[in-house]
Amino acid sequence: AGEDKQRRWTLNDFDIGKPLGRGKFGHVYLAREKKSNHIVALKVLFKSQLKQSQVEHQLRREVEIQSHLRHPNILRLYGYFYDQTRVYLILEYAAKGELYKELQKCKFFSEKRAATYISSLARALIYCHGKHVIHRDIKPENLLIGAQGELKIADFGWSVHTFNRRRTMCGTLDYLPPEMVESVEHDANVDIWSLGVLCYEFLYGVPPFEAKEHSDTYRRIIKVDLKFPPKPIISSSAKDLISQMLVKDSSQRLPLHKLLEHPWIIQNADLSG
Ligand SMILES: O=C(O)Cn1ncc2ncnc(NCCc3cnc(NC(=O)Nc4cccc(Cl)c4)s3)c21
């Protein structure tokens, strides 16, 4: 609600519950705001580590960007506060947890489940791009599942407003499009590439350009060395969609609104999802 914004939160406003997960910069806890009984996720970040990694500006940008985003498939960041040693992010709680754990458990998703997820992510990205925000870090680790099984994009730690672009690499390279790997100028179409990588991984259980060495992954991405394994058996219409997203020339990638009209999405996505 609106009043959440202005007021200054402190740790005393919350009852802290079980740990939900641990990230590089700190832990995430289930928490309940005492006055409203509203359940949230509280991410605790250590200032020392933020300073050490020089990501304070990224965190400020994330809070700024997230405070303007309202979409059912984007995890809300309600606000933040800090004390002597820590910064706390007050986040929407995603009751069904992390998507990558679900993908590990199932090995891969059915075409219906994959298409439902991809269509909801496409709608969330259309919304973000409409606000000149590109996420730049779409991957299973940044996706959470809400209580009704709906997908939520989280962790805008790497998002940017499109007028100022930065080209520093982080974490897995699997999701980086050629223009980011070659670190040339990039635009909102980077998220279309990552969505194509994600669609492939949802269906096959592994990302398309995976390789033992980083250098091999780089080479496969730049070459767009896209191969579809014989197993599991995937429809040609799914392969057609992925092939239209994993295109080296970013301007030739299937636009997100066209993705929503693709036969594979129309035939498989549960559009209420
Ligand atoms: O995922 C889990 O571990 C467990 N889990 N399970 C349920 C659940 N419900 C909500 N949130 C969870 N986790 C937090 C998700 C995030 C959202 N936004 C973030 N932003 C961020 O970390 N920013 C950030 C950090 C350090 C430096 C910089 Cl520059 C930026 S993390 C949940």
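As the structure lists them, so they are numbered: ligands from 1, and atoms in each ligand from 1. Scope of the values below: all heavy atoms of this structure, side chains included, with no hydrogens, waters or symmetry mates.
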Does a donor on one side chain sit under 3.5 Å from an acceptor on the other, for [X] and [Y]?
X	Y	answer
Tyr175	Glu201	yes
Asp83	Tyr88	yes
Arg220	Tyr218	no
Glu111	Trp264	yes
Asn37	Glu33	no

Q.
Which of the numbered atoms in ligand 1 are under 4.0 angstrom from any heavy atom belonging to Gln58?
A. 29 (Cl)
Q: Considering the heavy atoms of Leu89, write down every atom of ligand 1 situated less than 4.0 Å from one of them.
A: 20 (N), 21 (C), 23 (N)
Using a 4.0 Å heavy-atom cut-off, which part of [X] comes near ligand 1: side chain, backbone, both, or neither?
X	value
Leu59	both
Glu56	neither
Leu144	side chain
Ala94	both
Val55	both

Q.
Assigning hydrophobic clusters by single linkage (Ile, Leu, Val, Met, Phe, Trp, Tyr; side-chain heavy-atom cutoff under 4.5 Å), is Val224 placed with Val247?
A. no
Q | Selection from Arg76, Glu92, Lys101, Glu62 by shortest heavy-atom distance to atom 20 (N) of ligand 1 | A | Glu62
Q | Closest candidate by heavy atom, reference atom 3 (O) of ligand 1, pool Gly97, Ala41, Ala95, Gly21 | A | Gly21
Q.
Using a strict threshold of under 4.0 Å (side-chain N to carboxylate O), is an ion pair present between Glu150 and Arg113?
A. no
Q | Proximity flag Lys152 to ligand 1, non-hydrogen atoms under 4.0 Å | A | no
Q: Give the ring-plane orientation class for Phe202 versus Phe109, where under 30° counts as parallel, over 60° as perpendicular and anything between as tilted.
A: tilted
Q.
I'd like to check whether Lys43 has a polar contact with ligand 1, where a contact means an N/O of the residue lying under 3.5 Å from an N/O of the ligand.
A. yes
